[in-house]
Number of protein chains: 2
Amino acid sequence: MDKRITIYDLAKTLGVSAGTVSRSLNDHPSISQKTKDRVISKANELGYKTNKFAVNLSTQKSNTIGVIVPKLNSIFMSTVLAGIEKIANEAGYNLIISQSLESMEKEKLNAKTLYDSGVDALLVSLAYDTTDFDHFANYIRNKIPLIFIDRVHNLPNCSTIIIDNKLAGYEATEHLINQGCKNLLYISGDLRRNVYSERLKGFQEAIAKHDLIFDNSNILESDLSPGSVKHAIAHIKDTSIPFDGLFVANDTFAAHCIKELKKVNIKIPQDIKVIGFNNDPISELVTPTLTTINYPGYELGVLAGQSVISHLNGDINLQPTNAITLRHRLIIRESTLK
Amino acid sequence: MDKRITIYDLAKTLGVSAGTVSRSLNDHPSISQKTKDRVISKANELGYKTNKFAVNLSTQKSNTIGVIVPKLNSIFMSTVLAGIEKIANEAGYNLIISQSLESMEKEKLNAKTLYDSGVDALLVSLAYDTTDFDHFANYIRNKIPLIFIDRVHNLPNCSTIIIDNKLAGYEATEHLINQGCKNLLYISGDLRRNVYSERLKGFQEAIAKHDLIFDNSNILESDLSPGSVKHAIAHIKDTSIPFDGLFVANDTFAAHCIKELKKVNIKIPQDIKVIGFNNDPISELVTPTLTTINYPGYELGVLAGQSVISHLNGDINLQPTNAITLRHRLIIRESTLK
DNA sequence: ATTTATTACGCAACCGATTGCGTTATTATG
DNA sequence: CATAATAACGCAATCGGTTGCGTAATAAAT
């Protein structure tokens with residue numbers, strides 16, 4: 001109870017060498033079954049626990065996967081993490097999770113800390129303002145698997161897991177147009193991030209295809225914080241040609257917008273139709289229920305987890321699966337009804 | 001670039017011993033400032049990085065805090081985690097997060113894994129069905145700080161961080177009564193968990209105080225999953241004396257109930273008044289907006305983080321702060337209007 | 001029975017720090 | 001100037017495993 005027993009204790013009581021104990025415990029082929037059995041049963045008898053610190057030092061691996069996300073407290077991100085955790089846990093890996101709080105500086109710090117902690121792999125969803133990527137150089141140089149999820153960046157030898165944001169943006173926009181909208185507003189997150197810029201491309205493409213009007217007033221870049229809702233509302237009201245369709249970067253912000261619009265007597269969907277993004281639980285609980293794009297966060301996490309594990313196992317399907325694209329899906333609800 | 005340099009490399013190039021290098025790097029008093037400066041500048045010059053694995057083995061500490069939560073993908077829990085992470089990160093600790101998925105078996109596994117990984121402390125929010133607590137014995141025996149948050153259990157030498165659930169339950173119930181409700185239903189989570197059983201006590205106390213009717217039909221125990229909404233609705237409709245007030249264990253489930261009740265033409269709050277719990281973002285986005293109890297998840301996380309850190313630092317205020325109770329607050333919105 | 005292959009295990013270096021204790025260089029004290 | 005205190009640093013054990021290589025023991029081959 002007081003003293004941890006080590007392989008040396010086992011070796012001594014069994015009259016074998018520490019190396020033999022170690023190999024027995026790891027089921028090494030060069031040890032006879034008889035000896036293995038003796039070692040293992042004695043280990044159980046004495047309550048032997050392997051000391052991870054020693055293993056880590058010896059093998060230079062930590063059995064740990066690092067994760068950097070912008071924020072933990074978003075339903076989408078925590079759902080992704082739930083998926084990652086499940087896979088990692090099943091594979092015997094621990095997850096060290098840190099948040100950048102949408103700041104590149106903190107992202108850098110976290111990347112460094114996790115690197116120093118010796119994570120075996122790193123999963124990243126980028127902060128809003130991340131513009132350079134030197135903080136990932138160490139990982140690439142030392143061949144530590146680096147995988148970007150959702151908010152990604154193309155770096156050599158790094159996998160990415162995303163959905164087709166451009167197509168999703170296109171489909172969302174076209175849906176609004178099909179429902180009769182003529183003057184659309186895309187309320188976007190930070191356009192430096194792929195997810196928002198790609199959706200913008202789809203937005204513009206759909207508008208062009210259907211010969212609608214378009215200028216800069218059709219785009220509103222926002223930090224999507226609750227405090228920014230009023231700016232969005234102001235933008236919507238302060239326009240020469242009234243908007244009749246809103247494509248909002250996420251469901252929560254869309255729900256806030258709907259609430260405020262209703263307050264100023266704008267009817268959803270009669271006056272303005274609204275489509276969100278993510279299919280957060282909230283989207284089917286608001287009134288009117290929110291049309292949205294289903295973004296399978298849990299599956300995303302599971303895939304990210306599996307991808308990391310297979311990298312770590314050295315499975316050779318790395319090159320072909322360098323970029324995984326998940327299927328999204330338009331979910332039509334009341335907020336875009338004709 | 002290729003080879004990590006160690007304190008031995010530094011020692012050799014500087015002509016000192018490895019011990020001196022180590023002490024210099026750790027600002028040990030028995031080393032002269034001149035030598036420290038030499039060591040440090042040379043370390044920077046050569047790009048020395050301390051090997052955490054070796055430090056861990058040597059010190060038998062991991063600079064890591066373990067966390068077990070029932071589910072990552074709930075807005076409340078992820079908010080708590082965000083608070084914990086912020087404090088831990090600032091204090092230089094990494095967070096290993098795992099989820100029990102509401103299963104005691106997985107909780108046991110996670111507790112064991114984290115113990116074997118050598119976490120310096122453990123934060124736990126219990127699974128629904130956790131009934132025995134042997135899996136925490138190792139922590140207590142080895143004096144590894146163990147702190148329960150939200151869903152807690154009283155174990156010797158363990159801190160707990162909660163709100164006064166009984167009082168919160170009382171206040172929620174009394175609010176319904178004050179708004180004119182006569183026949184209340186408490187839709188609860190698993191009553192083995194303190195949060196739900198305590199709220200039940202408050203619920204019963206308020207009912208007794210105001211001389212309302214009460215029997216077992218006034219309580220409905222549920223797993224609070226979306227699939228269980230229909231059971232709740234069935235229970236509400238299948239009653240001799242119609243319920244006119246609902247106290248629901250969390251906002252999301254409350255929102256689902258409201259949605260379904262509206263579908264069957266029951267008006268909220270006219271026919272039935274509803275109060276939720278947690279003050280999730282969703283509570284102010286549904287129609288009608290949801291009266292609820294504010295449960296400061298982020299602050300809870302921050303306090304939990306600070307508590308752990310102070311334990312680890314050996315700050316002596318452990319006994320007095322053995323149980324921290326946060327302030328909750330009733331937030332009155334439309335769903336309980338007269 | 002002798003040689004050759006295998007099998008099973010021991011030896012000891014190594015991973016990269018930390019730290020108690022002893023020793024030398026330096027400064028203070030009488 | 002001799003001696004006691006300090007200050008500054010080196011030595012070497014220690015943390016608890018892993019692993020390449022060598023060797024003894026056993027089995028197979030001739």
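Everything quoted here is computed from the prediction, not taken from an experiment. Quick note on labels: first sequence line is chain A, next is B, and so on, each numbered from 1.
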Item to complete: Please check if atom NZ in B/Lys52 has more than 12 non-hydrogen atoms from other residues, nucleotides or ligands closer than 6.0 Å.
Response: yes
Worksheet item: Using the C1' atoms of the five pairs at each end, what is the angle between the end axes of the helix from C/dT6-D/dA25 to C/dG30-D/dC1, to 10°?
Response: 40°
Practice prompt. Would you indicate what A/Ser22 reaches in the nucleic acid, counting non-hydrogen atoms under 4.0 angstrom: base, sugar-phosphate, or nothing?
Written response: base
Worksheet item: Thinking salt bridges, do B/Glu102 and B/Arg193 make one under a 4.0 Å N-O criterion?
Response: no
Worksheet item: Which part of the nucleic acid does B/Phe53 contact within heavy-atom distance under 4.0 Å: base, sugar-phosphate only, or nothing?
Response: nothing
Worksheet item: Is B/Gly118 touching bases, backbone alone, or none of the nucleic acid, heavy atoms closer than 4.0 Å?
Response: nothing
Discussion item. Mind checking if A/Lys49 touches a base, just sugar-phosphate, or nothing, with heavy atoms under 4.0 Å?
Written reply: sugar-phosphate
Fill in: Nearest-0.5 Å distance, CG of residue A/Asn94 to CG of residue A/Asn89
7.5 Å
Discussion item. Classify B/Ser32 by what it touches in the nucleic acid, base, sugar-phosphate, or nothing, heavy-atom distance under 4.0 Å.
Written reply: sugar-phosphate
Item to complete: Would you confirm whether A/Thr113, through its side chain, and A/Leu109, through its main-chain N or O, come within 3.5 Å as a donor-acceptor pair?
Response: yes
Worksheet item: Counting any heavy atom closer than 4.0 Å, what does A/Asn26 reach on the DNA or RNA strands: base, sugar-phosphate only, or nothing?
Response: sugar-phosphate
Practice prompt. Under 4.0 Å between any heavy atoms, over every strand shown, what does B/Val16 touch: base, sugar-phosphate, or nothing? Just pick one.
Written response: sugar-phosphate
Worksheet item: Which is the 5'-most and which the 3'-most nucleotide of DNA chain C that has an atom under 4.0 Å from a heavy atom of chain A?
Response: C/dA8 to C/dG16
Discussion item. Let me confirm one number: the CG-OG1 distance from B/Leu25 to B/Thr50, rounded to the nearest 0.5 Å.
Written reply: 7.5 Å
Worksheet item: Any Lys/Arg nitrogen of B/Asp27 or B/Lys36 sitting under 4.0 Å from an Asp/Glu carboxylate oxygen of the other?
Response: yes
Practice prompt. Please round to the nearest 0.5 Å and tell me the distance separating atom CG of A/Asn51 and atom CZ of A/Arg4.
Written response: 5.0 Å
Worksheet item: Does atom NZ of A/Lys71 have more than 12 heavy-atom neighbours from other groups under 6.0 Å away?
Response: no
Practice prompt. By nearest nucleotide on DNA chain C, pick out whichever of B/Ala18 and A/Gln60 is the more 5' one.
Written response: A/Gln60
Worksheet entry | Positional range of nucleotides in DNA chain D within the contact set of chain A, heavy-atom, under 4.0 Å | D/dG16 to D/dG20
